[in-house]
Amino acid sequence: SIWLLLARVLSQMLALAFSLLVARRLGEVVLGQYAFISTVLLIGNLATNLGTDTIIIRHVAAHETSQETSDLLTASLLIQLILSGLLIAGIWLLGGLLPNQTAETLPAFHLIALSLIPVAFSSIFSAVLRGREHMGAFLIFNLATTVTLVVGALVVTSRDGGLMGLALATLTAQTVGALVAAGLFRRLTPCLSWHIRRPSGDLVQTVVRTGFVLALGMVVTLLLGRLGTLSLSLLDSDAATGWFSAAARLVEGLKLIPAAVLGALFPVMARHNAQTDGRSVPTFAPTRLLLIGLVLTIVVAIAIDLLSGPIVMVLYGPGYEPSVTVLRILVWVLPFSVVSLSLSFWLVAAGQERIVLIVMIPALLISAGLMGWAVDRFGLTGAAAGSIGAEFIQMLCLLIAIRIAAST
């Protein structure tokens, strides 16, 4: 948990440093443009990943080295590369149809889309490392990626490289991350011989079938978390998107501790579930830890609410005054987020991702309607309040999923 927490905290701090560099030197408009493009590609990456990293973690955590594992890695990489190629082609051909794309943003969109290729490789290597519980190596991989990104941002902003320069920095960072992940994989898992050969059709079908459910569930969850950014970009302005993104980045950083603890426990949950033949939701459920985390997040939310003005002014400076109100509202998403995250980890570790998907699709539809109305009526504050509503709806739906899983 500590290694994974350090990986997430340091990566998030570096990502925040990246946002601060862009915000201060290139302005809120460029920050909003980059936030929209990166959000679209993050959603696309979840689709091209097709849940294969979760499948690999569950398999590697529960099984010893075998040819089946090698074939699983090959099938997963093949699926990701094919889907990434299709998405890149789609962005190059149809990216101009997305709202607010201009002659300046579209070339950057095309370039940053190429980062999906190195991401496909790094996701395979990093999933094996996490499944083997090499969280220290996962830290090194994350730092290599984010440090390269920040250094690239320093170079871009010092030379006024604009959005195109940020896209090149992103592509470079993901390539460096993939190379580092490959080196760590070779060094730390020598007993796992990955012999690339043509995987069987049955294995590919199984991975696609299971991965599709996982990926769709992840995309739905991500959309729920990014409804504010997407709605403002589509219904408001780049500046409003930048102000919201500035506050949202701070709130995302506060989610790191529960995400790190649950992420480190996930291989243990998966191994426990395999030993019980996956008959139900894992009995390994750290409910006491959840209660402690819930209390701590409420205390943190109160502190951030009271100090939101100085925090935004110190970090972002003049021009980001609207982010103060957004942060005061948005920080109250944390208690609901801790509960939702815990429930989703427990269900996926038990192989109940199909039930998660079934209940999350209605949650997304309801939340999207709520967010659209809130942004249209109240703008920035509506996006912040709508984010809380979306997280609350997600939590309720996951509680329903837990009851369904327990009764089947």
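Since we're looking at a predicted model, the values are computed, not measured.
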Heavy-atom pair with the smallest gap, counting every atom of [X] and [Y]:
X      : Y      : value
Ala383 : Leu232 : CB-CD1, 3.8 Å
Ala178 : Pro118 : CB-O, 3.4 Å
Ala127 : Ile57  : O-CG1, 3.4 Å
Pro335 : Val331 : CD-O, 4.4 Å
Val312 : Ser323 : CG1-CB, 4.0 Å
Gly165 : Val156 : O-CG2, 3.3 Å

Return yes if some donor-acceptor pair links the side-chain N/O of [X] with the main-chain N/O of [Y] below 3.5 Å, else return no.
X      : Y      : value
Glu321 : Gly319 : yes
Thr297 : Leu294 : yes
Ser245 : Thr241 : no
Ser337 : Val333 : no
Thr52  : Asn49  : yes
Trp92  : His110 : yes

Residue pairs passing the side-chain hydrogen bond (donor to acceptor under 3.5 Å, both in side chains) test with at least one member in residues 164-173, sequence neighbours excluded, are Tyr34-Thr170
Please name all residues satisfying salt bridge (Lys or Arg N to Asp or Glu O under 4.0 Å) with Glu391, sequence neighbours left out, ordered by chain then number.
->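 Partners of Glu391 under the salt bridge (Lys or Arg N to Asp or Glu O under 4.0 Å) test: none.
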Partners of Asp305 by salt bridge (Lys or Arg N to Asp or Glu O under 4.0 Å), sequence neighbours excluded?
->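 Scan of Asp305 (salt bridge (Lys or Arg N to Asp or Glu O under 4.0 Å), adjacent residues dropped) gives Arg328.
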Side-chain heavy-atom pair [X], [Y] within 4.5 angstrom cut-off:
X      : Y      : result
Phe121 : Leu81  : yes
Arg58  : Val348 : yes
Phe18  : Thr146 : no
Phe138 : Leu184 : no
Asp53  : Ser126 : no
Val208 : Gln205 : no
Met371 : Val375 : yes
Glu353 : Leu347 : no

When rounded to the nearest 0.5 angstrom, what distance separates [atom1] in [X] from [atom2] in [Y]?
X      : Y      : atom1 : atom2 : result
Ile112 : Ile88  : CD1   : CD1   : 11.5 Å
Ser84  : Leu116 : OG    : CG    : 5.0 Å
Leu370 : Leu227 : CG    : CG    : 9.0 Å
Leu380 : Leu330 : CG    : CG    : 11.0 Å
Ile124 : Thr74  : CD1   : OG1   : 9.0 Å
Ser76  : Ile56  : OG    : CD1   : 4.0 Å

Could I get the full list of side chain to side chain donor-acceptor pair (under 3.5 Å) partners for Tyr316, not counting sequence neighbours?
->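 So Tyr316 forms no side chain to side chain donor-acceptor pair (under 3.5 Å) with any residue.
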Partners of Ser123 by side chain to side chain donor-acceptor pair (under 3.5 Å), sequence neighbours excluded?
-> Gln80
Return yes when atom OH of Tyr320 has more than 12 non-hydrogen atoms of other residues, nucleotides or ligands closer than 6.0 Å, and no otherwise.
-> yes
Measure up the Phe378 and Trp373 rings against each other and bin them: parallel (under 30°), tilted (30 to 60°), perpendicular (over 60°).
->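 The rings of Phe378 and Trp373 stand perpendicular, inter-plane angle above 60°.
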Evaluate the criterion side chain to side chain contact (heavy atoms under 4.5 Å, CB included) for residue pair Asn142 and Leu14; output intermediate values, then yes/no.
-> CA-CA 10 Å; Asn142 274 272; Leu14 289 167; over 6 Å; no
side-chain contact (heavy atoms from CB on, under 4.5 Å) against Leu357, all qualifying residues, sequence neighbours excluded = Val213, Leu216, Val220, Ile361
Test side chain to side chain contact (heavy atoms under 4.5 Å, CB included) applied to Val207 and Ile55, step by step | CA-CA 8 Å; Val207 174; Ile55 295 173; 4.2 Å; yes
List the steps and the verdict of side chain to side chain contact (heavy atoms under 4.5 Å, CB included) for Met135 and Leu129.
-> CA-CA 7 Å; Met135 301 305 178; Leu129 294 173; over 6 Å; no
Evaluate the criterion side chain to side chain contact (heavy atoms under 4.5 Å, CB included) for residue pair Ile302 and Trp332; output intermediate values, then yes/no.
-> CA-CA 8 Å; Ile302 294 173; Trp332 289 102; 3.5 Å; yes
